[in-house]
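Sequence lines set the chain letters: A, B, ... in the order given, protein chains first and strands last, and positions in each chain run from 1.
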Amino acid sequence: MPSYELDKAYSPSKYEADLYKRWEDSGAFKPDPKATKDPFTIIMPPPNANGDLHLGHAMFVVEDIMIRYRRMQGHPTLWLPGADHAGIETQVMYERQLAKDGRSRFDLGREEFYKQTWDFSQKNMHNMMDQVRQLGFSVDWSRFVFTLDDKVVATVYETFKQLHDADYIYRGNRIVNWCPSCRSAFADIEVKYREQIDPLYYIKYGPFVLATVRPETKFGDTAIAVNPKDERYKDLIGKTIDAEDLNGPIKLQVIGDAHIDPEFGTGAMKVTPAHDPNDWEIGLRHNLEVRAVIGTDGLLNERTGKYAGMPVAEAREQVAHDLEERGLMDHIDMNYTHSVGYHDRCGTQIEPLVVEQWWMKVDELKKPAIKAIKEGQIKFVPERFTKVALDWLENLHDWNISRQNWWGIRIPVYYNNTSDESKPEYIIGTEEEAIKTYGQGGYEAETDNFDTWFSSGQWPFATLMATGDFEKGFYPTSVMETGRDILFLWVTRMIMFGLFKTKKVPFRTVYLHGLVTDEHGKKMSKSKNNGINPLEMTAKYGTDAVRLALTIGITPGNDGALGERKIEGYRNFCNKLWNVARFILGQFPENYSPARPVPQSPADAWILARTNDTVREVTKAIEDYRFSEAGQAVYSLLWDDFADWYIEASKVEQNTNILYHVLSTIVTVLHPFAPFVTEAIWNALPGKEGQLITTVWPQAVKAPAELKTQAAKFEDVKAVVQATRAVAAEEQLSKPVILTTNQQLADSADLVARLARAGAVKQVGEGSGLYLGTTVAAWIEANAQLVANRRHRLESQRDEKQTYLKGLEAKLANENYTKNAPAAVVQETRDRREETKTLLAKITEQLTNLG
RNA sequence: GGGCAAUUAGCUCAGCUGGUUAGAGCGCUUCGUUUACACCGAAGAUGUCGGGGGUUCGAAUCCCUCAUUGCCCACCA
């Protein structure tokens with residue numbers, strides 16, 4: 001015997017874990033092999049296996065919405081989860097942990113450090129997987145992929161070799177962004193610039209005075225550059241000058257280079273090709289000697305004499321001090337503002353150094369990517385990011401793909417360590433191949449790792465190749481949904497790699513979400529202590545509440561504010577839905593077996609029409625990636641229409657099949673957004689088989705005219721009820737009596753009375769009392785005093801309508817309007833005019849009767 | 001220096017290709033022991049849609065311009 005009963009309030013913790021397990025165990029998360037539509041695939045951006053999930057990950061809820069929606073639509077649907085070893089980021093995090101015990105990675109050594117970081121990330125990975133479950137994400141766990149899985153690494157290696165064979169990979173000694181703390185080079189995009197004030201030293205160099213913020217690099221100066229058009233220095237170009245320096249006299253050649261701004265400083269610049277990117281370029285142009293004076297350890301080297309071994313900052317002070325002492329300092333500007341690069345992961349100041357690295361040529365690789373985007377093979381949501389991505393790609397320079405960190409995927413290169421020069425300088429391949437080529441002990445393995453983004457840039461195909469789904473129609477994937485902040489770092493690179501490796505775009509649509517900020521739109525940060533932990537919130541308010549809070553009111557590409565109060569609001573909404581279900585379940589007779597909903601009353605027709613419209617609206621909105629609007633539409637149907645009106649109406653005239661139908665429909669279309677509460681309710685409904693997660697998405701139909709006519713009658717009832725309530729509230733009337741001349745309204749007397757909390761609804765030949773001003777003529781029985789009291793209200797009502805009518809008439813009198821505006825719009829204006837005229841006549845009549 | 005976005009109710013934000021008298025949630029005021037829900041219900045107040053100009057029959061929506069805020073990119077001896 002069904003016990004159609006639910007707890008008084010929805011308690012998420014009671015259901016979530018069980019429901020999730022049931023979904024997972026039933027295989028619902030796997031693509032349905034029987035589904036016949038096109039496959040729908042999303043590869044989840046793999047969270048970094050080095051900590052807890054945060055709100056950025058919780059934003060993947062939009063992926064779950066798409067996935068659940070497509071699954072219900074009957075597509076073979078795959079949401080593939082994974083985790084990222086996140087090279088340098090994880091390394092830095094684990095090093096911080098080590099630092100708490102006063103240790104560094106150098107104490108452990110490379111091998112031990114790797115092993116411990118592996119354990120650290122494995123632990124985090126499992127923790128993270130639990131958290132993904134907690135968010136209700138319907139990912140196919142059987143296809144979980146880690147970036148360090150053998151199959152992924154194999155694909156990454158294969159791609160590297162293919163790129164190398166195509167001549168897109170080279171090894172080069174060039175200036176790079178060096179992080180002295182990580183002891184690794186980084187790509188330009190991993191350097192974040194911060195504005196700061198530093199002293200600008202004007203130092204004397206023979207006949208020159210020149211400005212620099214880095215006097216400590218002067219030992220690496222190999223020229224002085226001036227603008228060739230600068231009259232002051234023109235004659236010196238090409239000459240070599242003698243200058244007194246801290247370590248004795250030196251000679252420097254003077255070169256002319258258009259890069260020099262005559263307005264800056266003294267118009268002359270010291271050129272240090274080894275330690276400044278611009279100077280490096282100048283050096284290339286003028287074939288200057290590259291003299292390194294700072295090592296990869298961030299310390300000055302033996303070329304600097306007594307400064308050798310000093311860290312850069314210390315050396316700078318010392319050199320400046322000594323220059324002053326020796327009379328070689330002209331003056332110092334203490335208020336010079338400029339921006340300085342810092343490593344975005346560890347925050348250490350970047351030291352430009354010349355170090356040998358592996359590079360990827362991008363000039364050819366980016367072309368197909370640009371083409372694909374321009375041709376619309378990849379669409380961006382929101383659209384404005386199309387141009388942003390294109391601009392970035394078009395200006396992209398060769399990419400340094402090697403990292404000297406210890407945590408990552410080793411570049412599969414072995415160098416010739418034998419004296420046999422007929423053998424290749426290096427090979428790309430396995431150790432066995434190295435042995436074959438160079439003999440046992442005749443080779444040296446590369447120790448550099450790949451940039452994390454080199455491997456994750458291959459994620460869409462690397463994952464599907466690892467799971468064996470690549471050939472099964474899941475590639476190209478459907479949507480790449482990720483944070484706006486990694487558009488360049490990740491998305492553009494996936495496009496390049498995807499097109500190179502598979503000749504196909506990796507995804508058809510890129511959906512970018514913005515940043516989740518605190519409730520006042522401020523960035524969340526530890527120092528401000530305004531952060532929200534999504535996992536704490538799911539525990540406190542339920543996962544559905546958090547999901548809705550991250551969906552509704554948040555638009556693609558834009559930042560979205562989230563406060564605890566917002567989550568609380570959606571917790572309330574879930575509870576509202578729960579109670580609606582609880583009420584309806586209580587209405588079912590024993591052994592109720594649902595039948596086709598047939599409208600018997602205007603209210604029935606009205607709610608059926610509203611439900612049908614909402615299904616259409618939600619479906620369209622999801623298809624258009626307007627998830628906020630989709631969620632809002634269901635929210636409003638449930639609360640504003642179903643709960644506030646229809647359920648109340650059903651307490652007078654009940655149509656159980658319609659209650660059942662509307663509840664089922666709401667729960668179904670809300671499921672992608674709030675999967676738990678909807679599934680819990682579904683399970684309690686009689687006559688439902690299987691799980692909601694795999695139930696078929698409803699289809700909106702073209703509503704028959706008769707349904708619309710009937711529905712309009714309920715709108716009339718609503719209007720009278722609302723007007724009555726307003727008057728009753730303002731005049732403190734209890735149980736007012738409603739009079740009407742309208743047959744239909746009189747027919748619905750019980751309904752109107754209940755909804756309006758009226759004493760009675762009476763049909764009369766002629767109205768009297770307080771006129772309600774609704775299209776269906778109705779009055780509230782009232783004495784002369786009360787009517788007189790409300791006279792001003794009628795008058796202002798009349799004035800308002802008159803103004804409005806005037807506007808409409810002016811509009812319709814305008815030929816330009818009636819000619820140019822679409823016929824439907826004009827017709828609507830005409831209808832409105834007639835309506836307003838009728839109302840106005842009634843109000844005027846009422847006022848006349850008042851005398 | 002280049003670019004993008006935002007500016008709408010006290011707060012946080014919707015408003016898709018221009019077309020009802022501009023919306024939601026929260027907050028606020030008043031009232032409320034109704035056959036589910038106080039995590040509730042009813043009623044209500046609050047807007048020169050940042051300023052100025054323009055296009056149009058019609059502009060929150062399109063164009064120009066200014067202002068403020070945020071973000072991205074580049075450069076910075």
| query | Taking the side chain of A/A561 as heavy atoms from C-beta outward, which of B/A14, B/C13, B/A43 is closest to it? | reply | B/C13
| Minimum-distance nucleotide to A/A9 side chain [options: B/C72, B/C39, B/A36] |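 That would be B/C39.
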Could you tell me how far apart [X] ([atom1]) and [N] ([atom2]) are, to the nearest whole angstrom?
{"X": "A/L808", "N": "B/U20", "atom1": "CG", "atom2": "P", "value": "12 Å"}
{"X": "A/K8", "N": "B/C40", "atom1": "NZ", "atom2": "C1'", "value": "10 Å"}
{"X": "A/W645", "N": "B/A36", "atom1": "CH2", "atom2": "C1'", "value": "18 Å"}
{"X": "A/K819", "N": "B/U56", "atom1": "NZ", "atom2": "P", "value": "14 Å"}
{"X": "A/Y193", "N": "B/C75", "atom1": "OH", "atom2": "C1'", "value": "9 Å"}
{"X": "A/Y635", "N": "B/G23", "atom1": "OH", "atom2": "C1'", "value": "14 Å"}
{"X": "A/Y541", "N": "B/C39", "atom1": "OH", "atom2": "C1'", "value": "10 Å"}
{"X": "A/F573", "N": "B/G25", "atom1": "CZ", "atom2": "C1'", "value": "12 Å"}

For a quick test of reading the model: is some side-chain N or O of [X] closer than 4.0 Å to OP1 or OP2 of [N]?
{"X": "A/R725", "N": "B/A43", "result": "yes"}
{"X": "A/N572", "N": "B/C40", "result": "yes"}
{"X": "A/W639", "N": "B/G41", "result": "yes"}
{"X": "A/S628", "N": "B/A14", "result": "no"}

| task | Determine, for A/R214 against A/E351, whether the closest basic-nitrogen to carboxylate-oxygen distance falls under 4.0 angstrom. | result |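 Yes.
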| task | Look at A/R790 together with A/E731 and state whether they make a salt bridge at an N to O cut-off of under 4.0 Å. | result |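 Yes, this pair counts.
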Looking at the base of [N], is there any donor atom on it, or on the side chain of [X], that sits under 3.5 Å from an acceptor on the other one?
{"X": "A/R571", "N": "B/C39", "result": "yes"}
{"X": "A/E629", "N": "B/A24", "result": "no"}
{"X": "A/K651", "N": "B/A36", "result": "yes"}

With a non-hydrogen cut-off below 4.0 angstrom, is [X] in contact with a base, only sugar-phosphate, or nothing?
{"X": "A/E568", "answer": "nothing"}
{"X": "A/T272", "answer": "nothing"}
{"X": "A/R626", "answer": "base"}
{"X": "A/R832", "answer": "base"}
{"X": "A/Y202", "answer": "nothing"}
{"X": "A/R754", "answer": "base"}
{"X": "A/K523", "answer": "nothing"}
{"X": "A/D261", "answer": "base"}
{"X": "A/A643", "answer": "base"}
{"X": "A/I260", "answer": "base"}
{"X": "A/K218", "answer": "nothing"}
{"X": "A/G553", "answer": "sugar-phosphate"}
{"X": "A/Y570", "answer": "nothing"}
{"X": "A/V388", "answer": "nothing"}

Using purine N1 to pyrimidine N3 plus N6-O4 or O6-N4 for Watson-Crick, or N1-O2 and O6-N3 for G-U wobble, each under 3.5 Å, what pairs with [N]?
{"N": "B/U20", "result": "none"}
{"N": "B/A36", "result": "none"}
{"N": "B/A42", "result": "B/U30"}
{"N": "B/U56", "result": "none"}
{"N": "B/A5", "result": "B/U69"}

If you count every heavy atom of other residues, nucleotides or ligands that lies below 6.0 Å from [X] atom [atom1], does the total exceed 12?
{"X": "A/K379", "atom1": "NZ", "result": "no"}
{"X": "A/E815", "atom1": "CD", "result": "no"}
{"X": "A/H397", "atom1": "NE2", "result": "no"}
{"X": "A/K192", "atom1": "NZ", "result": "yes"}
{"X": "A/K806", "atom1": "NZ", "result": "no"}

| request: Give the intermediate values and the outcome of side chain to side chain donor-acceptor pair (under 3.5 Å) for residues A/Y541 and A/E564. | output: CA-CA 9 Å; A/Y541 296 105; A/E564 199 165 334; 2.8 Å; yes
Between [X] and [Y], a side-chain donor and acceptor under 3.5 Å:
{"X": "A/Q196", "Y": "A/Y342", "result": "yes"}
{"X": "A/D276", "Y": "A/T272", "result": "no"}
{"X": "A/D221", "Y": "A/Y205", "result": "yes"}

Taking the [atom1] atom of each, how far is [N] from [M], in whole Å?
{"N": "B/U20", "M": "B/C13", "atom1": "C1'", "answer": "23 Å"}
{"N": "B/G19", "M": "B/U56", "atom1": "C1'", "answer": "12 Å"}
{"N": "B/G54", "M": "B/U61", "atom1": "C1'", "answer": "15 Å"}
{"N": "B/U68", "M": "B/U8", "atom1": "C1'", "answer": "16 Å"}
{"N": "B/C16", "M": "B/A60", "atom1": "C1'", "answer": "14 Å"}
{"N": "B/G25", "M": "B/C31", "atom1": "P", "answer": "22 Å"}
{"N": "B/C4", "M": "B/G23", "atom1": "C1'", "answer": "27 Å"}
{"N": "B/C40", "M": "B/U34", "atom1": "P", "answer": "16 Å"}

Measure all distances between protein nitrogen or oxygen atoms and nitrogen or oxygen atoms of nucleotides 57-60 of chain B, and list the pairs falling under 3.5 Å.
unit_1, atom_1, unit_2, atom_2, d
B/C57, O2', A/N814, ND2, 2.9

| request: Drop me the distance from A/Y646's OH to A/D641's CG, to the nearest 0.5 angstrom. | output: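 A/Y646 atom OH to A/D641 atom CG measures 12.5 Å (nearest 0.5 Å).
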| task | Let me know, please, whether A/P262 or A/Y10 comes out on the 5' side of the other along RNA chain B by nearest nucleotide. | result |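 The answer here is A/Y10.
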